[in-house]
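Here the structure is a predicted model, which means the values were calculated and not measured. Atoms considered below: every heavy atom in the structure, side chains included; atoms not considered: hydrogens, waters and symmetry mates. We count ligands from 1, going down the list as the structure has it; atoms in each ligand are counted the same way.
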Amino acid sequence: MMPREKPSDSMQAMVLDEPGQIVHMRCLPRPQPGADQLLVRIAACAVCRTDLHVIDGELPDLKLPVIPGHEIVGRVVACGANVRDFSIGERVGIPWLGWTCGSCRYCRSGYENLCPRARFTGYQIDGGYAEYTVADARYCFRIPDMYSDIEAAPLLCAGLIGYRALKMTENANRVGIYGFGAAAHIVAQILRYQGRQLFAFTRPGDAAARDFAGRMGAAWVGGSDEVPSEELDAAIIFAPVGALVPTALRAIRPGGAVVCGGIYMSDIPAFPYDILWREKRLISVANLTRRDAEEFLALAPKIPVKVTTESFPLNQANTALTRLREGNLTGAAILIPDL
Ligand SMILES: [Zn+2]
Ligand SMILES: [Zn+2]
């Protein structure tokens, strides 16, 4: 017989003790799945900008200590008593949305992303900077077979949030994107597949980001301080920079939308009403719903969405986070416990 997973086994994890610190390697007891949960052996966990906001203490109601990470791919090693949809050995993806109440007016009307009692992975529930994690099976997803574990990890937040942000632009044809990181990279591929035009705004002077946006098929590439060649139907802001909101409002046409795609943004400077008038809309995207995940994970293999990644061993999480903070990554950073 194969040796069984011992429930008393320990695991290695990168833990945040206090906001503003780095994460520290710890040896912790391996978690036990509750009745609705899966115990998952983690193969890959992508590093997201939201992890920086968690670590910097910029988000309220943070669980401490916490294991960050919410773009997790792994394999089921044990199932709680109520789990019916997954079995041992199956590959699963674990996203940011970890639990919702199921009974509030948001949960009952298709907006579980706004549930006031929702709990989030790697923030209020221990996440994926570890060898193992537990997750509520009702919020886990199967991963399309064409993706490796490493390739699939960034789909689970950059992909899902990017997809939800793009849905908020409705049928906009000329779509501007401010902040050309992992989410923009995926949205660019969806835009091209759908025959829409991408206008890519990169940090002024960031030649590598300009090249990257050009390779992604952008119709126009410029600095975030530049005026695009055509009026935009919509803009998505992925950079956490409030000063981009008036810039983007000026770039869109009457009736267009500016979508703020991040969980955190620096303060938005005062701006004249004239740049919002003529039925321009300014909206934010919060979290994701399970429906977003189902739709995006069905769409991604058809395009097929491809991701650029850079792998790090789990114990180099701080290096990966620093590189992300400095804008010094060419793709999504992926933590690999077995690297
Ligand atoms: Zn709810
Ligand atoms: Zn994320």
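Under the 4.5 Å side-chain criterion, counting only non-hydrogen atoms from C-beta, Phe201 is in contact with Leu232.
Expressed to the nearest 10°, the angle at the Zn ion (ligand 1) joining SG in Cys115 with SG in Cys101 is 110°. Between the SG atom of Cys107 and the SG atom of Cys104, the angle centred on the Zn ion (ligand 1) amounts to 110° when rounded to 10°.
Taking the ring centre of Phe86 as origin, the terminal cationic atom of Arg142 falls inside the region bounded by 6.0 Å and 45° from the ring axis.
In His70, the N, O or S atom that comes nearest to the Zn ion (ligand 2) is NE2.
Counting only N and O atoms by type, the side chains of Thr100 and Tyr139 include a donor and acceptor under 3.5 Å apart.
In summary, Arg290 and Glu294 do not engage in a salt bridge, as defined by a charged side-chain N under 4.0 Å from a carboxylate O.
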